[in-house]
Amino acid sequence: MNIFRLVGDLSHLLAIFVLLLKIWKSRSCAGVSGKSQILFALVFITRYLDLFTNFISVYNSLMKVIFIASTVATVYLMYIKFKATYDSNHDTFRIEFLVVPVGGLAFLVNHDFTPLEILWTFSIYLESVAILPQLFMISKTGEAETITSHYLFALGSYRALYLLNWIYRYYFEGYFDLIAVVAGCVQTILYCDFFYLYITKVMWGKKLSLPA
Amino acid sequence: IIIEDVHDEL
């Protein structure tokens, strides 16, 4: 474990709980893409299947349980409890256009052709594009609530910190995983546009609105 | 370069 990965995991945890609290407190999921949340639930479920077979550490197992439970809870709040506030008219990204190609790629490019490894690879590829429905929804509505932009900033920062973690691990532990690094770069690059808007607007107290 | 057969990252 290193500081980059620890801060990255905590940033990821923060993002998930900021969103969960926003929906719970405001009793509304306006401006939030349910499709992205479904993809994130799929990412965690397919990645953490080894929860019961490979014990790494208490921290690792605890975080896996928290990530799965909190993301499933978010999907539950969005599609069941506060379904009336779900903005399906703007959440129209065709996620099958993500899941199918990612599924195919996971079969073709992986470290080991075993079910668990292919599912892990699928999860890594899917996570890199899972935020697209959310970014697409913001581009359609033209703006995002401030709390939603904080959520996105924390979520985007987590994988950017993981890139630093991989640089650290390469030099100090000789650890390198090309699949995770490439997907992590794609994932972080997708946030660049948002990061620019967040830093130039939200940091100065303005609302995040995309240039029309 | 070590490719971990067990993924130890979240």
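First the proteins, then the strands, lettered A, B, ... as listed; each starts at 1.
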Student: Which bit of A/D112 comes within less than 4.5 Å of chain B, counting heavy atoms only: side chain, backbone, both or neither?
Tutor: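 Neither part; nothing is under 4.5 Å.
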Student: Determine whether more than 12 heavy atoms belonging to other residues, nucleotides or ligands lie under 6.0 Å from atom CZ of A/F55.
Tutor: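 Yes - once you tally the heavy atoms of other residues, nucleotides and ligands closer than 6.0 Å, there are more than 12.
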Student: Just checking heavy atoms, which of residues 21-34 of chain A are less than 4.5 Å from chain B?
Tutor: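 Heavy-atom contacts from residues 21-34 of chain A to chain B are absent.
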Student: Once side chain to side chain donor-acceptor pair (under 3.5 Å) is applied, do any residues pair with A/T92, and if so which ones, sequence neighbours excluded?
Tutor: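 In terms of side chain to side chain donor-acceptor pair (under 3.5 Å), with neighbours along the sequence ignored, A/T92 is linked to A/K140.
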Student: Using a heavy-atom distance cut-off of less than 4.5 Å, which residues of residues 42-50 of chain A contact chain B?
Tutor: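 Interface residues of residues 42-50 of chain A: A/R47, A/Y48, A/D50.
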Student: For chain B, which residues from residues 60-83 of chain A have at least one heavy atom closer than 4.5 Å to it?
Tutor: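 Hits under 4.5 Å: A/N60, A/M63, A/K64, A/F67.
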Student: In Å, rounded to the nearest 0.5 Å, how long is the span from CZ of A/R5 to CG of B/D8?
Tutor: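 Taking CZ in A/R5 and CG in B/D8, the distance rounds to 5.0 Å.
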Student: Quick one: CG on B/L10 to CG on A/D9, what's the gap to the nearest 0.5 Å?
Tutor: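 Answer rounded to 0.5 Å: 4.5 Å.
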Student: Let's go through A/D177 and B/H7 carefully: what are the C-alpha distance in whole Å and the side-chain angles of both, what is the deciding distance for side-chain contact (heavy atoms from CB on, under 4.5 Å) to 0.1 Å, and is it a yes or a no?
Tutor: CA-CA 10 Å; A/D177 184 341; B/H7 299 290; 4.1 Å; yes
